[in-house]
Amino acid sequence: MSTVPGGRPLGLDTLIRLQRGRRAPAAPRRLPVPDGMTAPLGCDAVAVPARFGPLVMPRLPRVGCVYADETHWWWIVPSDSDYALEWPAPARYATGAVVPDTPAVPGLIHRPDDTVPYTPPIPLYLTLCRLTGTTPTWSRPVTA
């Protein structure tokens, strides 16, 4: 038996409930596709630190749905947009558009005029490579 400050004993049921409460993972938060939009290719997301957001937006030929909180901006891209790509740090790729470690779902700050939520992944990737000084994956030397 354990005691709390003040000398009150805790029963086994209380200790187990407290332990489970400490380990309970938060429910995953997904970036929602706005009403009236369709995502026929599924949704993933690419996050960048908020300081990069305003630099990325004007460099893209098309901007889909963009979400933001105090620390990150998130772009919706088609599922599997990480196939054969290493997104440059500090960008993070989020499969299923799940935003980890956020207290709430980031707010929608840009919505395109049409019904598709996607930002084209290749222009986004190239823009992030340029801003971070990273060589695109397909331009790196191949080793045998």
J.: Could you tell me if the side chain of Pro54 sits less than 4.5 Å from the side chain of Trp73, heavy atoms only?
T.: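 Heavy-atom side-chain distance check passes, below 4.5 Å.
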
J.: Going hydrophobic residue to hydrophobic residue with side-chain gaps under 4.5 angstrom, can you get from Val116 over to Leu60?
T.: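 Different clusters: Val116 never reaches Leu60 through Ile, Leu, Val, Met, Phe, Trp or Tyr contacts under 4.5 Å.
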
J.: Trp74 and Val56: same hydrophobic cluster, using ILVMFWY side-chain contacts below 4.5 Å?
T.: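 No, it is not one cluster - the side chains of Trp74 and Val56 are not joined through contacts under 4.5 Å.
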
J.: So if you build clusters from Ile, Leu, Val, Met, Phe, Trp, Tyr with side-chain heavy-atom gaps below 4.5 Å, do Ile109 and Leu31 land together?
T.: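 No, Ile109 and Leu31 fall in different hydrophobic clusters.
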
J.: Look only at the side chain of Arg30 and the backbone of Gly96, and say whether a donor-acceptor pair between them is shorter than 3.5 Å.
T.: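 A pair under 3.5 Å: yes.
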
J.: Scan residues 111-130 for pairs that pass side-chain hydrogen bond (donor to acceptor under 3.5 Å, both in side chains), counting only residues two or more places apart or in two chains.
T.: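 Of all non-adjacent pairs touching residues 111-130, those that pass side-chain hydrogen bond (donor to acceptor under 3.5 Å, both in side chains) are Arg62-Asp114, Tyr125-Thr137.
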
J.: Applying the 4.5 Å side-chain criterion to the ILVMFWY set and letting contacts propagate, would Tyr93 and Leu41 be lumped into a single cluster?
T.: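 Different clusters: Tyr93 never reaches Leu41 through Ile, Leu, Val, Met, Phe, Trp or Tyr contacts under 4.5 Å.
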
J.: Rounded to the nearest 0.5 Å, what separation is found between the CG atom of Leu55 and the CG atom of Leu128?
T.: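 One gets 10.5 Å once the value is rounded to the nearest 0.5 Å.
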
J.: Any idea which heavy atoms bring Tyr67 and Pro106 closest together, and the distance?
T.: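 Distance-wise, the nearest heavy atoms are CD2-O, 3.5 Å.
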
J.: Which heavy-atom pair separates Pro117 from Ile76 by the least distance, and what is that distance?
T.: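 Nearest heavy atoms, Pro117 then Ile76: O-CB, 3.6 Å.
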
J.: On a heavy-atom basis, which atom in Ser81 and which in Pro78 lie closest, and how many Å separate them?
T.: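 It is OG-O, 2.6 Å.
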
J.: Enumerate the salt bridge (Lys or Arg N to Asp or Glu O under 4.0 Å) contacts for residues 42-61, please, sequence neighbours excluded, ordered by first and then second residue.
T.: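 Pairs touching residues 42-61 that pass the test: none.
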
J.: With a 4.5 Å cut-off on side-chain heavy-atom distances among I, L, V, M, F, W and Y, is there a chain of contacts connecting Trp87 to Phe52?
T.: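 Trp87 clusters together with Phe52.
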
J.: State, to 0.1 Å, how close Cys129 and Pro136 come at their nearest heavy-atom pair, and which atoms those are.
T.: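 Cys129 and Pro136 have their closest heavy atoms at SG-CA, 4.0 Å.
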
J.: Considering non-hydrogen atoms only, spot the tightest contact between Met37 and Pro112 and give its length.
T.: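 Scanning both residues, the minimum pair turns out to be CE-CG, 3.5 Å.
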
J.: So, taking the atom named CG in Leu85 and the one named CG in Leu124, what distance separates them when rounded to the nearest 0.5 Å?
T.: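 Going from CG on Leu85 over to CG on Leu124, the span is 10.5 Å.
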
J.: Could you please spell out the steps behind the side chain to side chain contact (heavy atoms under 4.5 Å, CB included) verdict for Met57 and Val66?
T.: CA-CA 9 Å; Met57 291 282 276; Val66 180; 4.0 Å; yes

J.: Quick check: closest heavy atoms across Ala89 and Thr132, and the distance to 0.1 Å?
T.: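 Nearest pair, atom of Ala89 first, then Thr132: O-CG2, 3.5 Å.
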
J.: Flag the pair Cys65 / Leu108 as yes when at least one side-chain heavy-atom distance between them is below 4.5 Å, and no otherwise.
T.: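 Side chain of Cys65 against side chain of Leu108, heavy atoms only: contact under 4.5 Å found.
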
J.: So does Ala104 get a backbone contact from the side chain of Thr102, meaning a donor-acceptor N/O pair under 3.5 Å?
T.: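 Yes, the answer is positive, given that a donor and an acceptor are paired below the 3.5 Å cut-off.
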
J.: Can you pull the salt bridge (Lys or Arg N to Asp or Glu O under 4.0 Å) pairs that have at least one residue in residues 65-90, sequence neighbours excluded?
T.: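 Sorted result for residues 65-90: Glu86-Arg140.
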
